[in-house]
Amino acid sequence: MNPLKTLVTVSVTLSFWLATPAQAALRVLACEPEWGALAQELGGPLVDVSVATTALQDPHQIQAKPSLIAKARNADLVVCTGAELEVGWLPVLLQQSGNAKIQTGQPANFAAADFVRKLDVPTQVDRSQGDVHAAGNPHIQTDPRNIALVATALAARLQQLDGGNASGYADRARDFQQRWQQAMVRWTAKAAPLKGITVVSQHKAFSYLYDWLGIKEVAVLEPKPGVEPSVSHLQQVLASLKAQPARLVLYAAYQDGRPSEWLQKNASIPAVRLPFTVGGSDGAKDLFGLFDDTTDRLLGAAGAAK
Ligand SMILES: [Zn+2]
């Protein structure tokens, strides 16, 4: 090997190790990838982030496996969506962890949905038919304005829990918000042609995205959030599109796309797979990529559908 190249490799490796603290100040366990990505943006080298789920898993349905319980046991902060998204697994995980500081109501238990205005809040709660959105729609990360609100609250929480590094978190939060606001201006301008288009959703996963971009949801393939559509229900949705046509049918990366593909074939509209969270597509490598890719996919499909 070229000695100069060896020297460069050694010095790059050395500077990497020097830049990495021996022990990160705060161990963060995020329930979903978007909050892991946000904690990383706001904490940088001050945090050690692990994420309980991937973009290809349904966040409503996760097993509290021993490896996850071990992570919860050692966590200094858990960052989850709340609004009952994790109601099927997080209470078990918290209880099994034996970690008193991350229990509900403690400062080290952060629920993102507490800091945004919730949509689809039912007037009557009825979980008996399998509705998994009984506390309102929990998929708040599909609107970048919500990310900004949660970022403000999460930065404050990091400063509260790790006071010694408060100025570091404040600097990173300021920098993130500046870059985020600029990106939102760019996305909003780029996505303007989507305003008023009509769509069908497979799961009620994108209410916040539609609220942000002025997209109109005319039908949902799941008869209730979390309930798989039967063929007769799909037929009903198809029939309803005669009176109220839709341009696209949208589903999240973690979902089995077959109901959307059925509608694509039978209604002759494009089925669009959206990343839904960080890691849900090759383009959604971080929070910025998530919205770059989401708007690209919607614009591409809506253009093709004209
Ligand atoms: Zn849902």
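Just follow the structure's listing: the first ligand is 1, and inside any ligand the first atom is 1. Reckoned from all heavy atoms, side chains included, excluding hydrogens, waters and symmetry mates.
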Sorted by chain and number, sequence neighbours left out, ring pair (Phe, Tyr, Trp, His ring centres under 6.0 Å) with Trp180 holds for Phe176, Trp187, Phe288, Phe291
Has the side chain of Arg27 got a donor or acceptor atom that lies under 3.5 Å from a matching backbone atom of Asn74?
yes
Looking only at side-chain N and O atoms, does Thr277 offer a donor or acceptor that is under 3.5 Å from a partner on Glu34?
yes
Measuring centre to centre across the rings, with the benzene-like ring taken for any Trp, is Phe110 within less than 6.0 Å of Phe115?
yes
Applying a strict under-4.5 Å side-chain criterion to I, L, V, M, F, W and Y, I'd like to know whether Tyr208 and Leu274 cluster together.
yes
For distances below 2.8 Å, what is the count of protein N, O or S atoms around the Zn ion (ligand 1)?
4
Is Asp286 reaching over with its side chain to a backbone N or O of Gly289, donor-acceptor style, under 3.5 angstrom?
yes
